[in-house]
Amino acid sequence: MVHDANIKQATSEKQLREAHGKIDMLQAEVTALKTLVITSTPSSPNRDLHPQLQSPSKNALRKGHARNKSAGCAAVMPLAPPPQPISTEAKEVDTILYSEFMEWKENPTLDKCCPFLCRIYQEDIKPCLDFAKKELSEQVLVAVEDNTLSVEPVTQPTLPVVKASAVERGGPRKCALSGLSRSCRHRIKLGDSGNYYFISPSCRYRITAVCNFFTYIRYIQQGLVRQDTELIFWEIMRLRREMSSAKLGFYPNEL
């Protein structure tokens, strides 16, 4: 009986050690997955989470074709350098804006009627997407809000497009948003519509700046951003400055 009891005890201890090992392995995997998600932000996108950021040679190994949705519009921009630690010594916070932010941060929402987002809509988002073609501008904003806007490079041969978009073959194309003749190397698609609209580099950068903002606040709403509240505030302010610069026509030469 003693011998049988010793065998059972040894077996139980072995199973317990194996169970602890499996738990440790699962915890490590969960931690790694959380790190992948949390470290992916508009200013520093995670390449493992966004395959479209991989080099063309790596993308060629992937099957199928995926377009960049508005939540991933940061992918169509040149990658920004890793964010530097933010110093607030030379920054003066607008107390009203900060209080609106803190109220929003308590219960993050995409409702543009809340004071914090309402301010950003009026001061940054709507001006940034205020193009000459008003009706199409409104459609673009709705698509960005619904996360259904696609941006893709123009390839040959050119697919059918709406009449207002561009010239189908060769030469400068007419930007569907500004109405100006510009070399358009990208086009957008709104939702499930089969229409493509060619856009100039300037318009593309303005759309992307707004997409970057929506990407970040969606991350916050989904609980994927585990940063200090003050750092989150200044990152949102940086994205607002990006929209302001885009509206004024400042965009990277690489576009």
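Scope of the values below: all heavy atoms of this structure, side chains included, with no hydrogens, waters or symmetry mates.
Side-chain contact between Tyr196 and Glu152 is present, with heavy atoms from C-beta onward closer than 4.5 Å. Contact of the Met237 side chain with the Leu97 side chain is registered, since non-hydrogen atoms from C-beta on lie closer than 4.5 Å. You'll find the side chain of Phe131 reaches within 4.5 Å of the side chain of Ile207, heavy atoms only. Side-chain contact check for Tyr205 versus Glu242: some heavy-atom pair is nearer than 4.5 Å. Using a 4.5 Å heavy-atom cutoff, the side chains of Glu235 and Val225 are not in contact. Side-chain contact between Trp234 and Val93 is present, with heavy atoms from C-beta onward closer than 4.5 Å. At a threshold of 4.5 Å between non-hydrogen side-chain atoms, the residues Ile236 and Tyr216 count as touching. The closest side-chain heavy-atom distance from Leu117 to Ile217 is below 4.5 Å.
Nearest approach of Pro201 to Ser183, heavy atoms of both residues: CD-O, 3.4 Å. Shown here for Trp104 and Cys114, the closest heavy-atom pair between the two residues is CD1-SG, 3.7 Å. Across all non-hydrogen atoms, the minimal contact from Val154 to Arg187 is CG2-N, 4.1 Å. What you find for Asp111 and Thr109 is that their closest heavy atoms are N-OG1, 3.0 Å. The minimum heavy-atom distance linking Lys174 with Cys184 is given by the pair C-SG, 4.2 Å. In this structure, Ser200 and Arg182 approach most closely via the heavy-atom pair CB-CB, 3.8 Å.
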In sequence, state the C-alpha distance, the side-chain angles, and the governing distance for Leu141 and Glu145, and then conclude on side chain to side chain contact (heavy atoms under 4.5 Å, CB included).
-> CA-CA 6 Å; Leu141 176 57; Glu145 292 172 334; 3.9 Å; yes
So Ser137 and Asp130, side chain to side chain contact (heavy atoms under 4.5 Å, CB included) or not? Walk me through it.
-> CA-CA 6 Å; Ser137 299; Asp130 183 20; 5.5 Å; no
Determine, stepwise, if the pair Arg218 / Asn147 fulfils side chain to side chain contact (heavy atoms under 4.5 Å, CB included).
-> CA-CA 10 Å; Arg218 284 193 185 101; Asn147 195 21; 3.6 Å; yes
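We find that Glu138 and Lys134 are not joined by a salt bridge, their nearest charged nitrogen and carboxylate oxygen being 4.0 Å or further apart.
Applying the 6.0 Å contact sphere to CD1 of Ile7 captures more than 12 heavy atoms from other residues, nucleotides or ligands. Within 6.0 Å of CD in Glu106 there are 12 or fewer heavy atoms belonging to other residues, nucleotides or ligands.
Of the possible donor and acceptor atoms, none in the side chain of Lys105 sits under 3.5 Å from a partner among the backbone N and O of Asn107.
In this structure, CG in Leu136 is found 10.0 Å from CG in Asn195, a value given to the nearest 0.5 Å. If you take CD on Gln227 and CD1 on Ile220, they are separated by 8.5 Å, rounding to the nearest 0.5 Å. To the nearest 0.5 angstrom, Leu149 atom CG is 11.0 Å from Gln139 atom CD. Separating the SG atom in Cys118 from the NZ atom in Lys112 is a distance of 10.0 Å, to the nearest 0.5 Å. Of the inter-residue distances, the one linking Leu129 atom CG with Cys211 atom SG reads 8.0 Å to the nearest 0.5 angstrom. The NZ atom of Lys126 sits 13.0 Å away from atom CE of Met243, with the distance rounded to the nearest 0.5 Å.
Ring geometry, Tyr98 versus Phe233: the interplanar angle exceeds 60°, so the pair is classed perpendicular (tilted spans 30 to 60°).
Taken together through direct or relayed side-chain contacts under 4.5 Å among Ile, Leu, Val, Met, Phe, Trp and Tyr, Leu180 and Phe198 form parts of separate hydrophobic clusters. Linking ILVMFWY residues whenever their side-chain heavy atoms come closer than 4.5 Å, directly or via other members, leaves Leu190 and Val142 in distinct clusters. Clustering ILVMFWY residues whenever any of their side-chain heavy atoms sit less than 4.5 angstrom apart, transitively, puts Leu110 in the very cluster that holds Leu224.
Evaluation of the salt bridge (charged side-chain N to carboxylate O under 4.0 Å, His left out) rule for Glu123 yields Arg119, Arg240 as partners, not counting sequence neighbours.
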